[in-house]
Structure formats: C-alpha cells, structure tokens
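Letters A, B, ... are given to chains in the order of the sequence lines, protein chains preceding strands, and every chain is numbered from 1. All figures in this text were calculated on a predicted structure; none of them were measured in a lab.
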Amino acid sequence: MITKPKGTQDILPNESEKWQYIEEKIRNIARQFNLHEIRTPTFEVTELFTRGVGETTDIVHKEMYTFLDKGERSITLKPEGTAGVVRAFLENGLFNQTMPQKLYYISPIFRYERPQSGRLREHHQFGVEVFGSASPFMDAEVISMAYSYLKEVGVQAMQLQLNSVGCPKCRPAFNAALKAYFEPYKQELCENCQIRFEKNTLRILDCKIESCKNVIKNAPKITDYLCTECSAHFTALQQILSANDIPYIVNPQLVRGLDYYTKTVFEFVSTAIGAKGTVLGGGRYDNLVANLGGKSTCAIGFGSGIERLLLLLEAQNRVLPIQKNISIYIAPLEEDAKMLSFQVAKLLREKDFAVEMDVMNRSIKAQFKYANSIKANYVVSIGHDELQSNTLTIKNMQTGKEEQVEQTKLVQYLQAIAKEDA
RNA sequence: GCGGGCGUAGCUCAGUUGGUUAGAGCGCCAGAUUGUGGCUCUGGAGGUCGUGGGUUCGAUUCCCGUCGCUCGCCCCA
C-alpha cells in the first residue's frame, strides 16, 4: 500500500469541519481589521529564502524542501510565509498603493524536520503581513489581531511574550556586549552554542540546555542596549498594550528563528502544552523589503500554525461549535418512486435545502437507519400511497411525527419549518 | 542529525509461557412477519498478525535487519 509521505496529514471530513470553523474566524478577524487576502505560490525560487530568511538560520540551512526542476532552476517549497508575500508585494508594485497595505493568508508551509506532536513536515499557517507603518500603534494593532483571533477560537491560558531585538543601529553594540560576556564562558557552552557564538551570538539566548541557561541568566539584556528610537518604540508599544488590557510579559530572552526581525518580536505561548507551546509568533521586519531589493518599507506580521492551534484546543477540551444546517433525506419506498424522488431532491436543492436520497437500493428500514445516521432532520418518503394521492409523507426525525403534504405544497411546508427553526 | 516506545480487522486494543480453524468492543452490511430510524438481540463480510531473513518439526509469538508510526532533544508554528 502506498502511504502518505512522512510528516504529512490527511484532513478527513470530521476534521475539516474544524478547519472551516477556524477559517471562518480568520475571515471575520480580517473583516474587523480590514485585512485583505493574498495567495502566493506554494513554491518559490530558492534564493528568495536564502536572502530573505537568512542563510545561517536552521530553517534555511537544514530544513528546506529544495529541488531542481526540469529547467535546472532551484526551487523551494515555502518554509515560512513572509518572504513570498514580500516578493509579491514588490513584484506587483503594491508599494505604490496607499499605505498601509494589510494582508493575510492561509497557506501550507513545508519544513524537512523530524515530525512529532505539533510538528509536521507540511503544516498550515494563518499569517498577517502589514506594510508601510512605523508606528507602535501598528505593532499594537497586529498584536491585537493575534490576541482576538486566539481568544475568538477559544484558546485559554495563553501568554503574550514580548521583546525588542533592536535595529541595525543598536544591535552591533549589543552583539559586542554579548560576545564580551560569553567569551570567558565559551568552554561551558554546549557545542551548538559555541557555533552560535561565532555565527549568531544572539541565538544563544534561546538555548534550552540547562548549563547554557545558567550562563545566559546574567547575560546583558538587549533592552539595555536599544538606541533611543528602538527604546521609545518599545516603551510606546507597551503603553498601548497596557492601556488596552492586552496582558503581556517582557521576555528579554525571546529571540525568533528568522533573521529578518527588527524591534518588536512577540510570541503567544500556551502554558497548557509544554515545549511546543508557541501557537503564534511574529514581529517587525523593517529591513526585509529593502533587503529583497525594494525601497525601504517598514513591515510587521505574524504566523500561526493551525494544526498546533487545533491540538491546543483539543488539549483544552474545547469542543468547536460546528453547526449543521437542516437536512432532508428522500426515501423512495418502491422502485417506481425513484424518479419522483430524484425530482423532489432536485427541486429542494434549488430552494437551498441540503438533500440526500437513496442511491444504495436500501430497504425501507435501512433507509431510515441511514437517515438517522446522517442526522437528517426530516425524511420525505414516497411510496405507492403517495404516488396515487399526489402527496408526500414527511417525518420529523426528532419528534417522530409524520405528516401528509400535497406534493405542490412541499416547498412551502419545508420553508415554513426552516423559518420556525431559525 | 541524535535518543526512547510501538507496529494484530476500517478504528481502539486483547492474545498466543512457540502448536493446528487469530479474538473483543466500536463501525459497516443483513435479519428479528407485512411502508419507517435512534435501544436491544441474532447473523455476516473484513486480517499474507508491518516487511525480509534466522532459530525450530512448527513462529503472529523468540533473535537480527529493514520500513513505518509515535514521543522527546535540536529548531520551530
């Protein structure tokens, strides 16, 4: 038997209903915040990510699905959402439109990793990217979107962690301070961190290994090294959040895995599921647009894994309110009732009812059993009696009551019922 | 890339201290008198016991390899 590739998932009907529910919430958030959907290709030219995300990041250097196509072009399945959106922003001249440009997407994301709970090789992200505003109010708006999204779908006990990673103006000083600090402890750091020390000192702060944590504890804090501009921005953001009842904690160790971030970075972490607790992460990336060849444009965004969100909701025993519309099952009781059954089904569908009729040649009993199993609200049965008298028998499956209705008045009858139910 | 656990029906799992026709529950299909569901009862379909090799008179059971799944580390959503 052929099985699905490692780290992928089939989303079966039962599950896809939950996805639709989440997507509905996303579209509603988009409406409230005036976000517009953008859809970019599932694969891009590899260079977009090496230049955009950063060559030294794990995502780029060991987790990308990269291959040569038949024209010898290096192609990569998108390992994150931002780079593609920025590329589209540039390629389609969106920078010439009025600012801000507020975009969102729901997209598959591919990373070659060892799968485990909450981590797949293909997962899906709801992401937001907003271009053109340098205001801390923009940061606050994006965080507020994330906050209400998670709240709306019913996530509990989440914590917003906030930090600023500065900008090219202040980061060199901080980097130097970090290097100076870690230098004497170099031998005590884990193998990985020793490499980080040379290549990307900042990343050491994110190490989860105990021995490193001990050293990190007293490391200089970025917040002490921010330039006036970055510092003012960070303070302003915190004031806005506080004034609007969006709880947060500042985590000076918070470092994100992608190199393009500047100033604000944030994560929503759930305390309910330990290590894989990050449900949503993002930040400001004021230099990415310029780095990819555009004119200098501020931007901020976030990505949120849908599988992980569903997992979290599951862990919190949250049952999603999936509503079912009124459905009608048509039961032809004899062979010669089938044609009329089909016509009735067609008519009702045209009137927007959800209708199903027997196509399995089931016995009468089995038809009712089936109608019950698909949770049909009404069964319309058609047999010899009905054919003779031009009526239909409608059974309410909840009350068990039956009624005879003239064929010409069926639609009216059902519409009246539907109205009552609503 | 590194480490742990597990692979028996569509699903959840039991089982065989190695022995002939491999089990349960759920689900599916059919029946319990005549045109009616949800409960109950009866019957049925469905398994090369992940896969390759070894030990053995005999392996689904023991051993080794392999593949797959799963959980954790790294990293991330």
Side-chain angles (χ1 to χ4, degrees), chain A residues 1-9 12 14 53 56-64 78-82 106-127 146 150 190-193 195-196 200 203 206-210 212 254-258 267-270 273-282 301-312 329 331-334 337 358 360-387 393-402:
Chain A
M1 193 180 43
I2 297 172
T3 55
K4 62 180 163 22
K6 197 186 185 76
T8 60
Q9 254 178 357
L12 300 174
N14 206 358
V53 179
T56 58
T57 60
D58 274 23
I59 288 181
V60 168
H61 102 265
K62 54 183 232 197
E63 295 176 358
M64 294 208 300
K78 50 173 141 170
E80 58 92 53
T82 305
I106 298 170
S107 164
I109 299 291
F110 305 88
R111 284 179 206 165
Y112 191 86
E113 302 187 86
R114 197 74 194 270
Q116 65 189 62
S117 175
R119 221 184 47 201
L120 296 158
R121 288 186 174 179
E122 179 187 31
H123 77 277
H124 300 261
Q125 284 188 16
F126 159 43
L150 295 175
C190 70
E191 212 178 308
N192 237 316
C193 283
I195 298 166
R196 287 173 178 143
N200 200 339
R203 195 63 56 68
D206 204 29
C207 191
K208 309 287 191 296
I209 294 172
E210 260 336 288
C212 294
L254 180 65
V255 178
R256 310 231 65 246
L258 298 80
E267 266 180 32
F268 280 87
V269 180
S270 167
I273 44 171
K276 66 256 177 186
T278 302
V279 203
L280 185 152
F302 67 76
S304 175
I306 296 177
E307 284 87 348
R308 209 172 264 192
L309 179 71
L310 254 15
L311 207 66
L312 177 61
Y329 179 83
L333 306 185
E334 346 273 349
D358 175 58
M360 297 303 289
N361 265 318
R362 279 187 233 262
S363 67
I364 295 156
K365 190 173 200 147
Q367 290 199 54
F368 275 83
K369 213 168 172 180
Y370 177 73
N372 191 59
S373 76
I374 62 168
K375 298 185 174 69
N377 302 44
Y378 295 91
V379 172
V380 175
S381 45
I382 306 173
H384 284 148
D385 297 352
E386 288 81 0
L387 288 175
T393 303
I394 302 177
K395 178 166 185 172
N396 179 328
M397 293 297 276
Q398 251 145 34
T399 63
K401 271 188 202 157
E402 278 193 348

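- You can call A/His123 stacked on the base of B/A77; the centres are under 5.5 Å apart and the planes sit within 30°.
- Nucleic acid contact for A/Glu113: base, since at least one base atom lies under 4.0 Å from a heavy atom of the residue.
- Between the side chain of A/Glu386 and the base of B/G35 there is at least one donor-acceptor pair of N/O atoms closer than 3.5 Å.
- In this structure B/G25 sits in a base pair with B/C11, meeting the Watson-Crick or G-U test at under 3.5 Å.
- Comparing A/Lys6 and A/Val255, the nucleotide of RNA chain B nearest to each residue sits closer to the 5' end for A/Lys6.
- Between B/G54 and B/U60, the distance separating the two P atoms is 13 Å to the nearest Å.
- Shown here for A/Gly7 and A/Pro115, the closest heavy-atom pair between the two residues is CA-CG, 3.8 Å.
- Counting any heavy atom pair closer than 4.0 Å across all strands shown, A/Thr3 reaches no nucleic acid atom.
- Under 4.0 angstrom from either OP1 or OP2 of B/C71 there lies no side-chain N or O belonging to A/Gln116.
- Residue contacts shown for A/Leu120 include a base, since a base heavy atom lies under 4.0 Å away.
- For the P atoms, the distance from B/A24 to B/G65 is 35 Å, rounded to whole Å.
- Judged by atom type and distance alone, A/Glu402 reaches the base of B/U36 through a side-chain donor-acceptor pair under 3.5 Å.
- B/G31 sits 40 Å from B/C69 when the C1' atoms are compared, rounded to a whole Å.
- In this structure, B/C6 and B/G68 make a Watson-Crick or G-U wobble pair, each of the two defining distances being under 3.5 angstrom.
- Nearest heavy-atom pair, A/Lys78 versus A/Ser107, reported as atom, atom and distance to 0.1 Å: NZ-OG, 2.8 Å.
- Distance CE/A/Met397 to OH/A/Tyr329: 10.0 Å, rounded to 0.5 Å.
- Judged by atom type and distance alone, A/Lys395 reaches the base of B/G37 through a side-chain donor-acceptor pair under 3.5 Å.
- What separates CG of A/Asp385 from P of B/U34 is a distance of 15 Å, to the nearest Å.
- Between the CE atom in A/Met64 and the CG atom in A/Asp58 there is a gap of 12.0 Å [rounded to 0.5 Å].
- Nearest-nucleotide positions on RNA chain B for A/Asn372 and A/Lys62 put A/Asn372 closer to the 5' end.
- At the heavy-atom level, A/His124 lies nowhere under 4.0 Å from the strands shown.
- Only the C1' atoms considered, B/U66 is 25 Å distant from B/C73, to the nearest whole Å.
- Base pairing annotation: B/U60 forms no Watson-Crick or G-U wobble pair, as no partner gives both donor-acceptor distances under 3.5 Å.
- Within 4.0 Å of A/Arg121, counting heavy atoms only, lies no atom of the nucleic acid at all.
- With rounding to the nearest 0.5 Å, the separation of CG in A/Leu309 from CD in A/Gln125 is 12.0 Å.
- Between A/Arg114 and B/U70 there is no side-chain polar atom (N or O) within less than 4.0 angstrom of OP1 or OP2.
- B/U42 and B/G5: their C1' atoms are spaced 41 Å apart (whole Å).
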